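The block underneath contains the structure these notes are about, expressed in structure tokens.
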Amino acid sequence: MTDIKKEEEKSLNFLEEIVEEDLAAGKYKSILTRFPPEPNGYLHIGHSKSIVLNFGLAQKYGGKTNLRFDDTNPVTEDTEYVEGIKEDIRWLGFEWANEFYASDYFEQLYTFAEDLIRKGLAYVDDSSAEEIARMKGTPTEPGTDSPYRSRNMEENLQLFRDMRAGKYRDGEKVLRARVDMSAPNMQLRDPIMYRIKHAHHHRTGDSWCIYPMYDFAHGQSDSIEHITHSVCTLEFVPHRPLYDWFIEKLAIFPSHQYEFARLNMTYTVMSKRKLLQLVNEGYVTGWDDPRMPTISGLRRRGYTPESIRMFADKIGVAKRENLIDVSLLEFCVREHLNKIAARRMVVFDPLKIVLTNYGREEEMLPVEDNPEDPATTHRQVPFSRELYIEREDFMENPPKKFFRLSPGQKVRLKSAYIIQCEEVVKDETGKITELKCSYLPESKSGGTESNIKVQATIHWVSIVHAITAEVRLYDRLFRVEDPASEDGDFKEYINPDSLNVAVAYAEPALRKVKFNEHYQFLRKGYFYLDKDSSEDRLIFNRTSTLRDNWVKEQKKQ
RNA sequence: UGCCCUAUAGUAUAAUGGUAGUACGACAGAUUUUGGUUCUGUUUGUCGAGGUUCGAAUCCUCGUGGGGCAACCA
């Protein structure tokens, strides 16, 4: 009931409004969107905004979404990326109606081009790239006509066929649309439709040596598939008149382009070019390095598809430039993981404690797996006389608001007993090596007299039963909010401490950990088994820390 | 010195000529065997100047700020 109400109250974004209007006006019976990545890199969190938008629009209004690879530039593209992209989309939880490639349409696009030549709307230009650039003019000065602009139709047709037949070298000729060399919109100054590239294409092999440009492939592909709403990012706004021009002159299905502002996020970079640099120059270990904003990186780090979809939903869709705080992404993943992650106790920086009055060898204590789950299961955790606690959970001279262990003070060991610190043992350098504590037998968790109040509860692990695990603790990849907008090379702003590796002591239940299981290490954060793990070596990535008011409190002082 | 997009709390986003709301953040409190979670409360906003109107965040004009466009990239 409340959910329905919420749904009703939730306002539409401008694209949903357009779709609703089109549907209401009977313009379309159902809608068809597409997600059109170029297979020249891996998908990142910015793409997930587009994916959730395109697939979400179709889902919401009973339509469908095609996956179309925009593979018109053979030199940068590869099937490795095709496979990676498909995996990422599926992982995010979306299924496409059709898998298409712009290269599926090369023959059709070629026919379209000949059609435009016959109509006198395209011509072969022999000018060099430099000459074409010069004749293009500037934003404030009109361009000038190429001497080849007035070539007759038959000659253009023959030349274009010769281009396809491989008679010319790369760069010798191009096919251009004859639009308007003095248009205020630069995109309309006779844009290039085809260029010669004697290059191997990952799907069409060597069967073509001319390849269509984006502008002569994208809109036409949309039209061939009868895409109703072609949603892309803002930088293509100036291309829209050209998109419409080609469709009009070709008299083909009128797909329409709509633009939204791409996602920018603090403390990271979001362009494939920059991400590729980080990979190639060894700043990260790969596209799926857990510090990367890529889908594969986030997945490896322990993010869930649900959390990313929630994020995409929360950031909204509009046309103004934005810089989303990464803390919103972190909020989303905590929100989800808090509900599903099993709790475990792991000590990162151990301080030994000895319970001087604990007479038994050991005992097993039941500990709940997830307090958020009313039907939570319990596991048996071994407790014994010698334990590790977190070194930071003890202070010899604590400040006022420190609630944890200190000389003479009590804390509860989670799901076990309350202990009191009796003696601090140090080595010759003054470093604390051990704490001698007493425990309160009647304070046993769950017991009738266990309701004794103490200020804090801390996690622990039994030394003889502990297993070790490597934990990889990540921080933001960059030191500044918006590295791309800083002066100089963005790589100067990389955070040198974005990765910290430590060996931690874990309760034995963690020995049975499996891939795809999300854990909360009590009070330490959310963790996820890394693919680098092996039978005898557990490696965990910290997905995210927990919110920490104590850190804030300390900063105030 | 052109064309295009854009401007609402710290960050995003809604209000579609009629009470400026929501989320995250921040701050304060309650609860808590995680300084987590949960709950409650507080704080902060319509870029500027004119105009239209009974009434403007919304429409118009002129500024100003931000972004994009001059790849044989997408």
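Quick note on labels: first sequence line is chain A, next is B, and so on, each numbered from 1. If you're wondering where the values come from, they're calculated on a predicted model, not measured in any experiment.
- Using a 4.0 Å cut-off between charged nitrogen and carboxylate oxygen, A:K524 and A:E392 count as a salt-bridge pair.
- Here NE2 of A:H47 is found 11.5 Å from CG of A:N54. Values are rounded to the nearest 0.5 Å.
- Spacing between B:G17 and B:A56 at atom P, rounded to whole Å, works out to 14 Å.
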Which letter, B, S or -, goes with each nucleotide of nucleotides 21-29 of chain B from 5' to 3', with contact meaning a protein heavy atom under 4.0 Å?
--SS-SSS-

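- Taking a centre distance below 5.5 Å and an interplanar angle below 30 degrees as the stacking criterion, A:Y214 does not stack against the six-membered base ring of B:A74.
- Atom C1' of nucleotide B:A74 and atom NE2 of A:H44 are separated by 12 Å, given to the nearest angstrom.
- Atom CD1 in A:I324 sits about 11 Å away from atom P in B:U11, given to the nearest Å.
- Atom pair A:E330:CD and B:A12:P shows a separation of 16 Å (rounding to whole Å applied).
- The gap from the C1' atom of B:U58 to that of B:G18 amounts to 11 Å, rounded to the nearest Å.
- With rounding to the nearest 0.5 angstrom, the CZ atom of A:F106 is 4.0 Å from the NE2 atom of A:H201.
- Figure legend: cation-pi geometry between A:K173 and A:Y168, with NZ or CZ positioned under 6.0 Å from the six-membered ring centre and within 45° of its axis.
- Using a 4.0 Å heavy-atom cutoff across all strands shown, A:H218 reaches no nucleic acid atom at all.
- Nucleic acid contact class of A:V551 (heavy atoms, under 4.0 Å, all strands): none.
- One C1' atom belongs to B:A15, the other to B:A49, and the distance between them is 25 Å to the nearest Å.
- Side chain of A:R176 to backbone of A:D190: a donor-acceptor contact under 3.5 angstrom is found.
- Rounded to whole Å, the C1' atom of B:G55 lies 49 Å from the corresponding atom of B:G36.
- A:L473 places a side-chain heavy atom less than 4.5 Å from the side chain of A:F527.
- Looking at A:L337 and A:T543, their side chains come closer than 4.5 Å, going by heavy atoms from C-beta outward.
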All N/O contacts under 3.5 Å from nucleotides 62-67 of chain B to the protein, with atom names and distances to one decimal?
from: B:G67; atom 1: O2'; to: A:E321; atom 2: OE2; distance (Å): 3.1

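- Heavy atoms of A:I315 sit under 4.0 angstrom from primed sugar atoms or phosphate atoms, though from no base atom.
- Using a 4.0 Å heavy-atom cutoff across all strands shown, A:F236 reaches at least one base atom of the nucleic acid.
- No engagement by A:K272 is indicated, since no non-hydrogen atom pair under 4.0 Å with the nucleic acid exists.
- Distance NZ (A:K339) to P (B:G36): 17 Å, rounded to an integer number of Å.
- As judged by a 4.0 angstrom heavy-atom cut-off over every strand, A:Q520 is placed among the base-contacting residues.
- Of the P atoms belonging to B:U11 and B:G48, the separation is 15 Å, rounded to the nearest Å.
- Remark: RNA chain B forms stems of 3 or more consecutive Watson-Crick or G-U wobble pairs, all pair distances under 3.5 Å, at B:2-7 with B:64-69, B:10-13 with B:21-24, B:26-30 with B:38-42, B:47-51 with B:59-63.
- Across all strands, A:G446 comes closer than 4.0 Å to base atoms (heavy-atom distances).
- No more than 12 heavy atoms of other residues, nucleotides or ligands lie within 6.0 Å of NZ in A:K410, so this atom counts as exposed by the packing criterion.
- Computed from coordinates, the A:L413 CG to B:U34 P distance equals 13 Å when rounded to whole Å.
- B:U43 sits 25 Å from B:A14 when the P atoms are compared, rounded to a whole Å.
- Summarising the geometry, atom CE belonging to A:M265 is positioned 10.0 Å from atom OG belonging to A:S327; distances are rounded to the nearest 0.5 Å.
- The six-membered or imidazole ring of A:F236 lies away from that of A:Y243, with a centre-to-centre distance of 6.0 Å or more.
- Using C1' as the reference atom, B:U46 and B:C59 are 16 Å apart when rounded to the nearest Å.
- B:U19 and B:C27 are spaced 27 Å apart, taking the C1' atom of each and rounding to whole Å.
- Only one option out of A:T545, A:D548, A:D393 pairs with A:R523 in a side-chain hydrogen bond (donor to acceptor under 3.5 Å, both in side chains); it is A:D393.
- Residues from residues 365-381 of chain A placing a heavy atom under 4.0 Å of any atom in RNA chain B, listed by number, are A:P371, A:E372.
- The pair A:E363-A:K444 counts as a salt bridge, with a side-chain nitrogen and a carboxylate oxygen less than 4.0 angstrom apart.
- In this pair, A:W208 and A:Y110 present their aromatic rings tilted. The plane angle is within the 30 to 60° band.
- Contact check of residues 174-191 of chain A against RNA chain B (heavy atom, cut-off under 4.0 Å) returns A:V174, A:P184, A:M186, A:Q187.
- Take A:E235 and apply the side-chain hydrogen bond (donor to acceptor under 3.5 Å, both in side chains) test, not counting sequence neighbours, and it matches A:T233, A:R262.
- Comment: A:R476 engages A:E330 in a salt bridge, judged by a side-chain N to carboxylate O separation of less than 4.0 angstrom.
- Atom-to-atom distance recorded for A:M181:CE and A:T144:OG1 is 6.0 Å, nearest 0.5 angstrom.
- Residue contacts for A:S485: at a heavy-atom cut-off of 4.0 Å it reaches no nucleic acid atom on any strand shown.
- At the heavy-atom level, A:A129 lies under 4.0 Å from base atoms of the strands shown.
- With rounding to whole Å, A:M163 atom CE is found 9 Å from B:C72 atom C1'.
- Residue contacts for A:F402: at a heavy-atom cut-off of 4.0 Å it reaches a base atom on one of the strands shown.
- Atom P of nucleotide B:C72 and atom CG of A:L159 are separated by 19 Å, given to the nearest angstrom.
- Between A:F246 and A:F216, a ring centre-to-centre spacing shorter than 6.0 Å is recorded.
- Atom-to-atom, CD1 of A:I458 to P of B:G35 comes out at 9 Å; the value is rounded to the nearest Å.
- Checking the phosphate oxygens (OP1, OP2) of B:U32, no side-chain nitrogen or oxygen of A:T457 falls inside 4.0 Å.
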